[in-house]
Amino acid sequence: MRWTSLQGRPLAAACLLLLAVLLPDPAPAQDGGLSPTLANIKATHTVRLGYREASPPFSFMDQSNRPIGYSLELCQAIVDEIGVEVDDPALRIEYVPVTPETRIPALLNNKIDLECGSTTANAERGKRVAFSPLIFVAGTKLMVPKAAPVSGITDLKGKTIVVTKGTTNEQAIQAADKKFSLGLKIVTADDHEQAYKMLADGKVDAFATDDILLYGLIARHKAQGTMKVVGDYLSYEPYGIMFRKGEPQLTAVVERAFRKLGSNHDLIPLYNKWFVSRLPTGEKLGVSISAQLEEAFRSMDDSPGGSN
């Protein structure tokens, strides 16, 4: 996959603009020691990670029904750094399943501490939650049966498209429907796996979500001969690890974890493990890192001779 621009603007500029919007406002240090999230983690000796069951390779289940994935490994690095901050190197991880619809409420209602999935870090969400540095860049595309005469959104006039509840992809399809006067019937599924099944069973004509998730589902279901990903990008989706807003100490811990990964040159190998090499479940995506994401990772390098 070659990334150049989405919606007509360079990705690098878009990333900088997004960071300017999402970076938390300066705030005074928390009084009385640890911030609320870190204090609770220290008291319970537990970090609760929200995970997705069907978002390969970011967060999904292995053959033993255990959560694995790229985002979860990044979260585990944050957990290690939290352990340093709260002086508890043996923190326990509790895995909590979330969906696109429940992930933000779970964070706001203190049911999880970090959300480790495939969540777009946009300005609207940034009003309610905080995000880590960039972990991936995706965009909305369409999955359709390989035999379907569809090459883009305008070929689906009057057809039925499924989207997953609580995703930005739903907004992207609604915008395209209005822009091109397509008269689409837009239906929702609870998760990506359910949406895929609706398409595979012929109940809908297309499934719209981030392109990398579509490729992951096709690989997982070994559907390369029956499904295809088509169309221009209908949205810009920069991903981040999500955590509670308004806790500068927690923000600093997350940032420090990423800078350690960057300075140890672990970020690009970690990316290659999940996107280029064969997954533990046997699939292989073969999606090389984009120049923009590689640049973002190199900017996390504080080692002598690094990018900073």
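- No side-chain heavy atom of T37 sits less than 4.5 Å from a side-chain heavy atom of F243.
- For Q249 against G33, the heavy-atom pair with the smallest separation is OE1-O, 3.6 Å.
- The side chain to side chain contact (heavy atoms under 4.5 Å, CB included) test applied to L108 returns I104, R128, V129, not counting sequence neighbours.
- Remark: D190 engages K165, Q194 in a side chain to side chain contact (heavy atoms under 4.5 Å, CB included) (not counting sequence neighbours).
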Side chain to side chain contact (heavy atoms under 4.5 Å, CB included) between S132 and L74, intermediate numbers included: CA-CA 10 Å; S132 72; L74 289 170; over 6 Å; no

Let me check something: any side-chain donor-acceptor pairs from residues 88-95 under 3.5 Å, sequence neighbours excluded? List them with distances.
residue : atom : partner : partner atom : Å
D88     : OD1  : A90     : N            : 3.2
D88     : OD2  : H45     : ND1          : 2.8
Y95     : OH   : Q76     : NE2          : 3.2

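- One finds the CD atom of Q174 at 7.0 Å from the CD atom of Q171 (value rounded to the nearest 0.5 Å).
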Start with the C-alpha gap between H192 and L217, add the side-chain angles, then the distance that decides, and say whether side chain to side chain contact (heavy atoms under 4.5 Å, CB included) holds. CA-CA 8 Å; H192 298 321; L217 286 165; 4.0 Å; yes

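- Cluster membership for V187 and L214, using ILVMFWY side-chain heavy atoms within less than 4.5 angstrom, is shared.
- Annotation for A77 and L261: closest pair CB-CD1, 3.8 Å, computed over non-hydrogen atoms.
- A distance-only check finds no donor-acceptor pair linking the side chain of K159 to the backbone of L184 [under 3.5 Å].
- The list of salt bridge (charged side-chain N to carboxylate O under 4.0 Å, His left out) pairs with a residue in residues 248-257, not counting sequence neighbours, reads E81-R256, E85-R256, E255-R259.
- For residues 33-48, the pairs satisfying salt bridge (charged side-chain N to carboxylate O under 4.0 Å, His left out) are R48-D113, with sequence neighbours left out.
- A donor-acceptor pair is defined here as one N or O able to donate and one able to accept, closer than 3.5 Å; no such pair exists between the side chain of D177 and the backbone of I173.
- Of all the heavy atoms in P57 and L279, the pair that sits closest is CB-CD2, 4.1 Å.
- Of all heavy-atom pairs spanning P56 and R220, the tightest one is CG-CD, 4.3 Å.
- Side chains of L270 and Y70 form a contact here, defined as non-hydrogen atoms less than 4.5 Å apart.
- Under the side chain to side chain donor-acceptor pair (under 3.5 Å) criterion, D62 pairs with R66, sequence neighbours left out.
- Contact annotation: the side chain of R52 approaches that of V98 to within less than 4.5 Å [non-hydrogen atoms, C-beta and beyond].
- Under 3.5 Å, the side chains of E283 and H221 contain no donor-acceptor pair of N or O atoms.
- Interatomic distance, S55 OG to E193 CD, rounded to the nearest 0.5 Å: 10.0 Å.
- For S59, there are no side chain to side chain donor-acceptor pair (under 3.5 Å) partners two or more places apart in sequence or in a different chain.
- For Q63 against T281, the heavy-atom pair with the smallest separation is NE2-CA, 3.4 Å.
- Side-chain N/O atoms of T120 and N122 include no donor and acceptor closer than 3.5 Å.
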What pairs of donor and acceptor atoms, side-chain ones from residues 134-147 against any protein atom, are under 3.5 angstrom apart with sequence neighbours left out?
residue : atom : partner : partner atom : Å
T140    : OG1  : N169    : ND2          : 2.8
T140    : OG1  : S235    : OG           : 2.4
K141    : NZ   : G231    : O            : 3.3
K146    : NZ   : Q224    : O            : 2.9

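- Sorted pairs that involve residues 97-112 and meet salt bridge (charged side-chain N to carboxylate O under 4.0 Å, His left out), not counting sequence neighbours, are lacking altogether.
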Which is it for Y215 and V229 under the side chain to side chain contact (heavy atoms under 4.5 Å, CB included) test, yes or no, and what are the steps along the way? CA-CA 7 Å; Y215 290 123; V229 177; 3.7 Å; yes

Would you please test W274 and L285 for side chain to side chain contact (heavy atoms under 4.5 Å, CB included) and show each step? CA-CA 8 Å; W274 291 101; L285 299 183; over 6 Å; no

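- With a 4.5 Å cut-off on side-chain heavy atoms, L72 and F58 do not count as touching.
- A heavy-atom distance below 4.5 Å is found between the side chains of I186 and V163.
- Taking CG of D87 as the start and CD1 of I82 as the end, the distance is 14.0 Å to the nearest 0.5 Å.
- Between the CG atom in D232 and the CD1 atom in I153 there is a gap of 10.5 Å [rounded to 0.5 Å].
- The minimum heavy-atom distance linking F60 with G69 is given by the pair CE2-CA, 4.1 Å.
- Residues F180 and V150 share a single hydrophobic cluster, defined by chaining ILVMFWY side chains whose heavy atoms lie under 4.5 Å apart.
- Counting only distance, with no hydrogens or angles, the side chain of N109 and the backbone of P105 share a donor-acceptor pair below 3.5 Å.
- Put simply, the side chain of S263 never gets that close to the backbone of K260: no donor and acceptor are under 3.5 Å apart.
- The disulfide (SG to SG under 2.5 Å) contacts involving residues 220-262 comprise nothing, where partners must be two or more places apart or lie in separate chains.
- Counted by atom type alone, D211 and Y233 present one or more donor-acceptor pairs between their side chains at under 3.5 Å.
- Side chains of E170 and T188: a donor-acceptor N/O pair is absent below 3.5 angstrom, by distance only.
- The disulfide (SG to SG under 2.5 Å) pairs that include a residue from residues 54-127 are C75-C116, where partners are two or more places apart or lie in different chains.
- With hydrogens and angles ignored, the 3.5 Å screen pairs no side-chain donor or acceptor of R244 with any backbone N or O of A130.
- Counting heavy atoms from C-beta outward, I289 and F275 have side chains that stay 4.5 Å or more apart.
- Within the 4.5 Å cutoff, no side-chain heavy atoms of L49 are placed close to those of I112.
- Side-chain contact check for T102 and T99: at least one donor-acceptor pair (N or O, by modelled atom type) lies under 3.5 Å.
- In this structure, the separation between CZ on F258 and CD1 on I78 is 5.0 Å, given to the nearest 0.5 Å.
- Considering CG of L293 and OG of S288, their distance stands at 12.0 Å, rounded to 0.5 Å.
- Side-chain contact between I241 and V254 is absent, with no heavy-atom pair separated by less than 4.5 Å.
- The backbone N or O of T44 lies less than 3.5 Å from a partner atom in the side chain of T46, making a donor-acceptor pair.
- We find that K273 and E73 are joined by a salt bridge, their nearest charged nitrogen and carboxylate oxygen being less than 4.0 Å apart.
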Atom pairs and distances, side-chain donor-acceptor, residues 199-208, under 3.5 Å, sequence neighbours left out:
residue : atom : partner : partner atom : Å
D201    : OD2  : K197    : NZ           : 2.8
D205    : OD2  : T160    : N            : 2.9

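- Counting only N and O atoms by type, the side chains of E115 and T119 include a donor and acceptor under 3.5 Å apart.
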